[in-house]
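Numbers for residues simply follow the sequence, beginning at 1. Atom set for the values below is all heavy atoms of this structure, side chains included, hydrogens, waters and symmetry mates excluded.
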Amino acid sequence: MARPRLAVRAAILQDDRLLIVNAYPGRQSDLWALPGGGVEPGQSLPQNLMREVAEETGLVIRVGAPFLVNEFHDPDSGFHQVDLFFRAGLATDGAIRLADPEGVVNRFRWVTRDELSGLRHKPDSLAQAVWGDAAAIYDPLERIVG
């Protein structure tokens, strides 16, 4: 069985609307998620998140506090992913330019909490976590002292 994949996701709220993107290539699914993606070694979690959001949406963000850890798996394929969710704000204008190099993200929506409840999305606890007051402490990437 493969090791779990680590990913980061950004909860970007603007005028009490949350940015969500399609979770599968093309129009293969009606499932929505927060923008973000896989973590690359050697970069901090916030650096990975800024890169992923910029790649998928063209947005430049400021990364805030982490607020949710979610994991999911597919027992049939062995796929297992751990997502770390961070609050984030826009560092520049909110003009979205969909140019995902992997070709996955090609749709987006800004939704209210009520609108999100009417859409298929992951994780199931997303609305409660985003519009709640959950927060965690993030201890930034450090060099190992040896």
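Put simply, the side chain of V39 does not reach to within 4.5 Å of the side chain of L84, judged on heavy atoms. Counting heavy atoms from C-beta on, the side chains of D83 and F72 come closer than 4.5 Å. Using a 4.5 Å cut-off on side-chain heavy atoms (C-beta onward), L18 and L34 make contact. When side chains are defined from C-beta on, S125 counts as touching L68, because their heavy atoms get closer than 4.5 Å.
At least one donor-acceptor pair under 3.5 Å links the side chain of D93 to the backbone N or O of A95. The backbone N or O of V130 sits less than 3.5 Å from a side-chain atom of R87, completing a donor-acceptor pair. Within the 3.5 Å criterion, the main-chain N or O of V21 finds no donor-acceptor partner in the side chain of R107. The backbone N or O of N106 sits less than 3.5 Å from a side-chain atom of N22, completing a donor-acceptor pair. A distance-only check finds a donor-acceptor pair linking the side chain of N48 to the backbone of Q43 [under 3.5 Å].
Taking the six-membered ring where the residue is Trp, Y138 and F86 present perpendicular rings, their angle passing 60° and hence far from 30°.
L49 is not connected to F67 by any chain of hydrophobic side-chain contacts under 4.5 Å among Ile, Leu, Val, Met, Phe, Trp and Tyr, and they are in different clusters. The hydrophobic clustering, which links ILVMFWY residues whose side-chain heavy atoms are closer than 4.5 Å, places L59 and L98 together. Using a 4.5 Å cut-off between side-chain heavy atoms of Ile, Leu, Val, Met, Phe, Trp and Tyr, with links allowed through other members, V69 and V8 fall into the same hydrophobic cluster. Both L19 and V105 are part of a single hydrophobic cluster, where members link through side-chain heavy atoms under 4.5 Å apart. L13 and I61 are not part of a single hydrophobic cluster, where members link through side-chain heavy atoms under 4.5 Å apart.
Interatomic distance, NE2 of H121 versus CD1 of I20, reported as 8.5 Å (0.5 Å rounding). To the nearest 0.5 angstrom, D16 atom CG is 11.5 Å from W110 atom CH2. Atom CG of residue L45 and atom CG of residue L6 lie 6.0 Å apart, to the nearest 0.5 angstrom. Residue R113 holds its CZ atom at 15.0 Å from CZ of R17, rounded to the nearest 0.5 Å. Distance check, rounded to the nearest 0.5 Å: CD of E55 to CD of E102 gives 7.0 Å. Rounding to the nearest 0.5 Å gives a distance of 4.5 Å between CG of L119 and CZ of R109.
Partners of D74 by side-chain hydrogen bond (donor to acceptor under 3.5 Å, both in side chains), not counting sequence neighbours, listed by chain and number: S77.
Residue pairs satisfying the salt bridge (charged side-chain N to carboxylate O under 4.0 Å, His left out) criterion with at least one member in residues 121-135, sequence neighbours excluded, are listed as follows: K122-D124.
Taking all atoms of both residues into account, the shortest heavy-atom contact from R5 to G37 is NH2-C, 4.2 Å. In terms of heavy-atom proximity, P4 sits nearest to V82 at CB-CG2, 4.2 Å. Contact between G36 and R9 at its shortest, heavy atoms only, is O-NH1, 3.3 Å. Closest non-hydrogen pair, A65 versus A136, comes out as CB-O, 4.1 Å.
Enclosure of atom CD in Q128 is not indicated, since only 12 or fewer non-hydrogen atoms of other residues, nucleotides or ligands lie within 6.0 angstrom.
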Could you go step by step and tell me if L116 and W32 meet the side chain to side chain contact (heavy atoms under 4.5 Å, CB included) rule?
-> CA-CA 9 Å; L116 181 64; W32 295 88; 5.7 Å; no

